[in-house]
There are 2 protein chains.
Amino acid sequence: MAQRRIKQRKLSNPLALAVLSMCAETPRHPYEMAQVLRQRGKQASIKINFGSLYTVVQNLEKHGFIAAEGTERDGRRPERTVYGITETGRAEMRDWLSELLSVPVKEYPQFEAGLSLAGSLPPDEVEALLRKRLAALDDGVSVQAEVLEECRAVLPEIFLVEADYALTMQRAEAEWLRGLLRRMETNTLTGMDGWREFYVTGAPPQEWVDLDERTSGLPRPD
Amino acid sequence: MAQRRIKQRKLSNPLALAVLSMCAETPRHPYEMAQVLRQRGKQASIKINFGSLYTVVQNLEKHGFIAAEGTERDGRRPERTVYGITETGRAEMRDWLSELLSVPVKEYPQFEAGLSLAGSLPPDEVEALLRKRLAALDDGVSVQAEVLEECRAVLPEIFLVEADYALTMQRAEAEWLRGLLRRMETNTLTGMDGWREFYVTGAPPQEWVDLDERTSGLPRPD
DNA sequence: GCTCATATACTCGTCTACGAGTAAGAGTGA
DNA sequence: TCACTCTTACTCGTAGACGAGTATATGAGC
């Protein structure tokens, strides 16, 4: 018997969730949604692309999560359609948001991909590149820490939870990277010499040639 | 004068970089690339989707980054095209990989989006959901830590750098979450009562109504 | 009162991601 | 040896993401 597939959302773009959340507060037209999201600083945690916004609104309507409640017009500007959330939409929003908050999902950060393919570059080059990243990361952290402080002065902390999270994660990355670089510099990271050898002789060291076979049965995170 | 736009890659899917890296080692046919990537455990850091793989290979060829070097056939199985990397492709690979390693980019983790929209759910529910996440996160961490230990027994550490990174980041998230939950439980997080009030009375508390305006000029991370 | 810049409010078309489907050979057990 | 399943090796169709473009309106400066 086939195992029931885990529920798959009709829409997967987080922007759709943001739109639902906007319409749940009060009926709005698309442009206003974008404005409010921006104004509340949500564009730092959710990518708001205008091309996507209108597609997403259309699809939400198609699936019955939001419904056009009429149109308004400001002067001779183009007419704007105002959307409100439906009951189905409200349910979808609650369910989706609950899932986002309670179920950790593996996403694939580009940096992780970079790390896993770094073997295609010579070790010294990689070391230099990572040092550059660390510097940029440290800069970013100090800038954002400052901004966050300013915000804390005027806003209750619940509104800054996501910014605090992002900052914490960046700090963690910086610390990890510092550790890695130290181990690379001091040659404490096993395999560094093999890697260097490979870039000098052009061939992988003897002890690596059968690694692929020996590790084929290894439990790998998936 | 328009500022020169930052270089935009012809292909953005990290799988394309993995393909380049595979072809750089030795010419291969698509299916073999996928096999080798899997066998080396890269599927943990790069999403390998067969649908995408063939599209990506095609596009890489179209842009001259890889070139068909001929075909082979094993028994009466379908014919397979073998691709090798070109000089342009090698340059693209180096450049792309260098960028991935040295330039931190903001990605938009779903959880961050969830946090920033959590206000659409009642506070007690959010607390429960986050506790559920923390439990799952802790489980995941301990499983992966074990797997990583086993791998360390047979593999040089450079091959496990990306797994170590992923584990560290998960630990950091768990720790941050633990802190947040503590602050929520002890009511140390400012704004919690306002949020609760909002879910009881149905209206935002007095001191929030003009927050939107007061914060409109705030420097926001972007 | 005219021009230029900027904000408003979308539309369009392309490119791409990816799930689901397909089909043939190889192995395996009865 | 024959049925069945598993693995190999792709193909196809479609939905959606997003950049770039467009067109009007409003305000600011001269």
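As the structure is a computational prediction, the values presented were derived from the model and not from experiment. Below, chain A is the first sequence line, B the second, and so on; all start at residue 1.
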Checklist entry - Can you check the B/Arg9 CZ to C/dT16 C1' distance for me, whole Å? => result 17 Å
Next on the checklist: Measure CG/A/Leu53 against P/D/dG19 and give the value in whole Å, please.
Outcome noted: 13 Å
Checklist entry - Should the pair A/Arg80 and A/Tyr31 be classed as cation-pi, given the thresholds of under 6.0 Å to the six-membered ring centre and 45° from the axis? => result no
Checklist entry - B/Ser52 has a side chain; which of C/dA17, D/dG16, C/dT11 sits nearest to it? => result C/dA17
Checklist entry - For D/dA15, does either OP1 or OP2 sit under 4.0 Å from a side-chain N or O belonging to A/Asn59? => result no
Checklist outcome for this item: Hits for salt bridge (Lys or Arg N to Asp or Glu O under 4.0 Å) against B/Glu25, two or more places apart or cross-chain, chain-then-number order -> B/Arg28, B/Arg40
Item to check | Closest-nucleotide ordering on DNA chain D, the 5'-leading residue of A/Lys10 and A/Phe50 | outcome: A/Lys10
Checklist entry - Hey, is the side chain of A/Asn13 poking within less than 4.0 Å of OP1 or OP2 on D/dG16, counting only N and O atoms? => result no
Item to check | Between D/dA17 (C1') and A/Leu11 (CG): distance, integer Å | outcome: 12 Å
Checklist entry - Is A/Tyr31 near enough to C/dT8 that one of its side-chain N or O atoms lies under 4.0 angstrom from OP1 or OP2? => result yes
Next on the checklist: Without decimals, in angstroms, what is the distance between B/Ile48 CD1 and C/dG19 P?
Outcome noted: 13 Å
Checklist entry - Between the main-chain N or O of B/Leu17 and the side-chain N or O of B/Ser21, is there a donor-acceptor pair closer than 3.5 Å? => result no
Checklist entry - Counting only side-chain N and O atoms of A/Gln35, is one of them less than 4.0 Å from OP1 or OP2 of C/dT8? => result yes
Please list every donor-acceptor pair under 3.5 Å in which a side-chain atom of residues 58-66 of chain B meets a protein atom from a residue at least two apart or in another chain.
none

Checklist outcome for this item: Regarding the side chain of A/Asn49, the nearest nucleotide among D/dG19, D/dT11, C/dT11 is D/dG19
Item to check | A/Tyr54 OH to D/dG19 P, straight-line distance once rounded to whole Å | outcome: 16 Å
Next on the checklist: If I take atom NZ in residue B/Lys62 and atom P in nucleotide C/dC15, what distance separates them, rounded to the nearest angstrom?
Outcome noted: 6 Å
Checklist entry - Once you round it to whole Å, what is the distance between P of C/dA17 and CD1 of B/Ile46? => result 14 Å
Item to check | Nearest-neighbour nucleotide for the A/Thr55 side chain, D/dA9, C/dA17, D/dA17 considered | outcome: D/dA17
Next on the checklist: Between P on C/dT16 and CG on B/Leu60, what's the gap in Å once rounded to a whole number?
Outcome noted: 10 Å
Checklist entry - Which nucleotide sits closest to the side chain of B/Arg80: C/dT11, D/dC10, D/dG16? => result D/dC10
Next on the checklist: Using OP1 and OP2 only, check whether a side-chain N or O of A/Ser12 sits under 4.0 Å from C/dA17.
Outcome noted: no
Checklist entry - Do the side chain of B/Glu107 and the main chain of A/Gln110 share a donor and acceptor less than 3.5 angstrom apart? => result yes
